[in-house]
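Data block below; observations after.
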Amino acid sequence: MRGRIRRGRGSSYAATDDDPLDAAQERRVRAVLALGGVPQADLPDGVQQVRLRLLERAASGREAPRDVSAWAAVVASNLAMDWHRAKRRQERLGERLASLRPAQAPSGEETSLLSLAVARGLDELPDAQRQVVVLRFYADLPVRSIAEQLGVPEGTVKSRLHTAVRALRARLHEDEVV
């Protein structure tokens with residue numbers, strides 16, 4: 001697909017002729033994926049999935065999203081949720097096969113106790129709560145934009161944020177991190 005793909009308000013999907021995401025959008029997508037729990041090794045695949053969905057949307061003739069950056073962040077968040085679901089399925093299978101393989105040692109790459117505690121807390125949140133926390137605090141999307149992109153009322157986003165933040169705060173106190 002050559003050339004720019006037009007979207008509303010006179011801007012375009014792409015900063016270049018071949019890439020539907022500009023550098024800032026790609027960094028944001030990578031951050032959302034990483035904060036959503038996707039391993040570093042899988043981030044390039046996740047970014048490519050976002051690009052593919054953007055190109056598929058354009059190829060199908062659907063109207064471009066008003067805010068490509070926000071749309072891409074939500075798609076990345078959804079991909080991270082899908083990754084977690086697949087991971088849970090794999091873990092259940094792994095539990096059944098646990099006696100056949102040795103346990104893996106945790107990686108020593110975590111540099112901060114707070115980062116580790118927050119990451120664990122995010123992992124324990126339900127998918128919908130994790131998604132709004134990542135979109136609000138890590139992708140820096142406003143509540144209104146999150147609600148529009150997820151197709152839920154603003155009150156639902158606020159409620160999920162409130163519940164998630166309360167759970168994270170309790171987790172950090174429980175772990176005596178804060």
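Keep in mind the model is a prediction, meaning the values are calculated, not measured. Position 1 is the first residue of the sequence; numbering continues from there.
Annotation: side chain of E56 is not in contact with side chain of S60 (no heavy-atom distance under 4.5 Å). The side-chain heavy atoms of V132 and V143, taken from C-beta on, include no pair separated by under 4.5 Å. The side-chain heavy atoms of P65 and R57, taken from C-beta on, include a pair separated by under 4.5 Å. Looking only at side-chain heavy atoms (C-beta outward), Q25 and W71 stay at 4.5 Å or farther from each other. Here the side chains of R51 and L54 are not in contact, with every heavy-atom distance at 4.5 Å or above.
Ionic pairing of E124 and R130 is not present here: no N-O contact between side-chain nitrogen and carboxylate oxygen is shorter than 4.0 angstrom.
Minimum interatomic distance between L125 and A167 (heavy atoms only, all atoms of both residues): CD2-CB, 3.8 Å. In this structure, H84 and G37 approach most closely via the heavy-atom pair NE2-CA, 3.7 Å. Scanning all heavy atoms of the two residues, the minimum distance from S77 to L135 falls at CB-CD2, 3.8 Å. Residues A72 and V29 come closest through the heavy atom pair CB-CG2, 3.7 Å. Closest of all the heavy-atom pairs between A73 and V32 is O-CG1, 3.5 Å. Between D127 and R85, the shortest heavy-atom contact is OD2-NE, 3.5 Å.
Under the rule for a side chain to side chain donor-acceptor pair (under 3.5 Å), the partners of R28 that lie at least two apart in sequence or sit in another chain are S69. Applying the salt bridge (charged side-chain N to carboxylate O under 4.0 Å, His left out) criterion to E148, with sequence neighbours excluded, gives R66. Considering only residues two or more places apart in sequence or on other chains, R136 meets the salt bridge (charged side-chain N to carboxylate O under 4.0 Å, His left out) condition with D140. Qualifying side chain to side chain donor-acceptor pair (under 3.5 Å) partners for Q129, counting only residues two or more places apart in sequence or in other chains: none. Among residues two or more places apart in sequence or in another chain, the salt bridge (charged side-chain N to carboxylate O under 4.0 Å, His left out) test is passed with D123 by none.
More than 12 heavy atoms of other shown residues, nucleotides or ligands fall within 6.0 angstrom of atom CZ in R30.
Taking CG of L172 as the start and CZ of R120 as the end, the distance is 11.5 Å to the nearest 0.5 Å. Here the NZ-OG1 distance, from K158 to T163, works out to 14.0 Å after rounding to the nearest 0.5 Å. Distance CG/L168 to NE2/H173: 11.0 Å, rounded to 0.5 Å. Here T156 contributes atom OG1 and L161 contributes atom CG; the two are 11.0 Å apart, rounded to the nearest 0.5 Å. Atom CZ of F137 sits about 10.5 Å away from atom CG of L122, to the nearest 0.5 Å. Note that CD of Q149 is 9.5 Å distant from CD1 of I146, once rounded to the nearest 0.5 Å.
Hydrophobic clustering keeps L35 apart from M81 (ILVMFWY residues linked when any side-chain heavy atoms are closer than 4.5 Å, directly or through intermediates).
Identified under the side-chain hydrogen bond (donor to acceptor under 3.5 Å, both in side chains) test for residues 32-47, with sequence neighbours left out: D42-W83.
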task = Begin from the C-alpha positions of R144 and V157 and carry the test side-chain contact (heavy atoms from CB on, under 4.5 Å) through to its verdict.
result = CA-CA 9 Å; R144 172 174 274 149; V157 172; over 6 Å; no
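Side-chain N or O atoms of S159 include none that pairs as donor or acceptor with a backbone N or O of G155 at under 3.5 Å.
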